Amino acid sequence: MTRYKLAPSVLSADFAHLADHVTAVAKHADLLHVDVMDGHFVPPITIGPVVVKALRRVTDLPLECHLMVTEPEEQTEQFAEAGADSVVWHLEAASDPRPVLRRARGLRLGAGLAINPGTSFEAVIPYLEEIDVLNVMTVNPGWAGQAFLHEVVPKIRAAREHADRTGLTYDISVDGGVNLETAGLCLEAGANILGAATAIFGDPDAAAAAERLRALMAPYADRTA
Ligand code: DX5
Ligand code: ZN
């Protein structure tokens with residue numbers, strides 16, 4: 001059975017009041033998405049292990065660290081020690097994602113691969129048997145608040161069709177520009193995890209915004225129950 005999950009991305013949270021902002025949405029969230037950017041893989045520098053450690057103290061939600069870094073293998077252990085539950089790194093960052101995968105599994109972390117809008121679904125097929133989640137990026141990584149790239153929708157569909165055909169059980173998450181208008185397209189195409197920063201934490205009532213997004217998933221969850 002496919003499980004539908006909402007993953008608020010703290011990138012758009014109020015970092016001066018991070019615990020309060022996270023606590024506000026917790027009831028409507030299934031995991032927290034933590035965008036780690038190293039200034040190399042993408043231009044900005046964002047969150048590191050110290051923030052993950054601080055989040056770990058204030059929430060029981062699973063912490064998914066999205067590593068937009070050039071050397072995910074080197075970084076993974078720090079995030080495990082900080083309290084991460086899973087790491088998602090980019091197929092574009094590692095010439096062979098398997099060493100990172102082994103490292104993550106050795107640290108008892110969930111493991112996922114993200115693919116940029118310009119990367120084909122075919123490129124990630126060899127690794128799908130070994131990952132828990134495929135993050136289909138619906139913007140180019142680097143910033144919150146970008147517009148959803150509609151041309152990625154067929155790739156979400158291809159990922160779902162492949163899972164259905166092969167019986168593989170990886171989750172399909174979407175990340176970037178997901179809001180009340182675009183979430184339905186993603187769900188219809190086969191995504192089962194919605195990541196969202198601006199649509200949740202950019203709303204003056206983040207809890208209500210999360211609740212509305214999660215409500216969109218209910219009919220899909222019923223369909224597969
Ligand atoms: C982009 C990040 C996303 C980002 C999404 O590089 O990976 O997770 O937080 O932000 P929104 O939902 O505002 O597009
Ligand atoms: Zn992300």
Side-chain angles (χ1 to χ4, degrees), residues 5-15 18 21-22 25 28-49 51-52 55 61-70 72 75-76 79 84-93 109-119 124 131-153 155-156 171-187 191-204 206 209-210 212-214 216-217:
K5 299 181 188 173
L6 184 64
S9 164
V10 296
L11 192 56
S12 296
D14 180 349
F15 282 90
L18 189 53
H21 225 170
V22 164
V25 303
H28 307 294
D30 299 286
L31 63 148
L32 274 188
H33 182 89
V34 181
D35 285 313
V36 176
M37 305 187 191
D38 68 350
H40 293 282
F41 183 74
V42 286
I45 296 174
T46 56
I47 299 164
V51 176
V52 174
L55 281 169
L61 287 169
L63 299 175
E64 173 186 74
C65 294
H66 177 190
L67 305 181
M68 286 161 274
V69 305
T70 51
Q75 308 282 317
T76 295
F79 287 94
D85 294 279
S86 61
V87 285
V88 174
W89 68 97
H90 274 259
L91 186 62
E92 300 84 4
L109 294 172
L113 277 171
I115 48 174
N116 285 344
T119 299
V124 79
I131 59 174
D132 303 305
V133 58
L134 173 67
N135 179 336
V136 180
M137 293 295 300
T138 38
V139 297
N140 284 301
W143 296 270
Q146 302 181 76
F148 182 85
L149 295 174
H150 287 260
E151 60 267 34
V152 179
V153 172
K155 190 161 41 173
I156 304 168
D171 288 313
I172 301 171
S173 65
V174 284
D175 190 17
V178 176
N179 56 34
L180 287 175
E181 281 77 51
T182 57
L185 297 170
C186 299
L187 293 166
N192 66 301
I193 302 179
L194 299 179
T198 307
I200 295 175
F201 290 112
D203 192 297
R212 280 194 297 271
L213 266 179
R214 211 195 210 178
L216 289 184
M217 297 194 277

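We count ligands from 1, going down the list as the structure has it; atoms in each ligand are counted the same way. Remember, it's a predicted structure, so these values are computed and weren't measured experimentally.
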Original post:
Any side-chain heavy atom of N135 within less than 4.5 Å of one from I115?
Top reply: no
Original post:
Just which atoms of ligand 1 are under 4.0 Å from any heavy atom in A144?
Top reply: 10 (O), 13 (O)
Original post:
Is I47 close to L55 at the side-chain level, that is, under 4.5 Å between some pair of heavy atoms?
Top reply: no
**OP:** Using modelled atom types only, decide if a donor and an acceptor are shared between the side chain of N116 and the backbone of G118 within a distance under 3.5 Å.
**Re:** no
Original post:
Is the closest heavy-atom distance from G176 to ligand 1 below 4.0 Å?
Top reply: yes
**OP:** Please tell me if the side chains of F148 and V139 come closer than 4.5 Å, counting only heavy atoms from C-beta onward.
**Re:** no
Original post:
Does a side-chain heavy-atom distance below 4.5 Å link L194 with V174?
Top reply: yes
Subject >> Which of the ligand 1 atoms, numbered from 1, are nearer than 4.0 Å to a heavy atom of P141 >> reply: 6 (O)
**OP:** Taking S86 for its side chain and L109 for its backbone only, find out whether a donor-acceptor pair lies under 3.5 Å.
**Re:** no
Subject >> Polar side-chain atom of K5 near backbone of S173 as donor-acceptor pair, under 3.5 Å >> reply: no
Original post:
Do L31 and D85 come close enough that some side-chain heavy atom pair is under 4.5 Å?
Top reply: no
Original post:
Of all the non-hydrogen atoms in the protein, which one sits nearest to atom 4 (C) of ligand 1, and at what distance?
Top reply: D35 OD2, 3.5 Å
Original post:
Which atoms of ligand 1 are found less than 4.0 Å from any heavy atom of M37?
Top reply: 6 (O)
Original post:
Taking just the N, O or S atoms of D35, which one is nearest to the Zn ion (ligand 2)?
Top reply: OD1
Original post:
Of all N, O or S atoms in D175, which has the smallest distance to the Zn ion (ligand 2)?
Top reply: OD2
Original post:
Tell me: protein heavy atom nearest atom 6 (O) of ligand 1, and distance?
Top reply: G142 N, 2.8 Å
Original post:
Should you measure from each heavy atom of W143, which atoms of ligand 1 turn up under 4.0 Å away?
Top reply: 1 (C), 6 (O)
**OP:** Could you tell me whether T198 approaches ligand 1 through its side chain, its backbone, both or neither, with non-hydrogen atoms closer than 4.0 Å?
**Re:** both
Original post:
Side chain of T198, backbone of A144: donor and acceptor closer than 3.5 Å?
Top reply: no
Original post:
Is L6 close to I200 at the side-chain level, that is, under 4.5 Å between some pair of heavy atoms?
Top reply: yes
Subject >> Ring geometry between F41 and H90 (parallel below 30°, tilted from 30 to 60°, perpendicular above 60°) >> reply: tilted
**OP:** Enumerate the atoms of ligand 1 whose separation from the nearest heavy atom of M68 is less than 4.0 angstrom.
**Re:** 6 (O), 7 (O)
**OP:** Please could you name the atoms of ligand 1 that M137 approaches to less than 4.0 Å, counting only its heavy atoms?
**Re:** 7 (O)
Original post:
Once rounded to 10°, what is the value of the angle centred on the Zn ion (ligand 2) between H33 NE2 and H66 ND1?
Top reply: 100°
**OP:** Looking only at protein heavy atoms, identify the closest one to atom 3 (C) of ligand 1 and say how far it is in Å.
**Re:** D175 OD1, 3.0 Å
Subject >> Close-contact set for ligand 1 against H66 heavy atoms, below 4.0 Å >> reply: 7 (O)
Subject >> Where ligand 1 meets A196 - atom numbers and elements under 4.0 angstrom, heavy-atom basis >> reply: 12 (O)
Original post:
Of A197, G177, S12, which has the heavy atom at the shortest distance from atom 14 (O) of ligand 1?
Top reply: G177
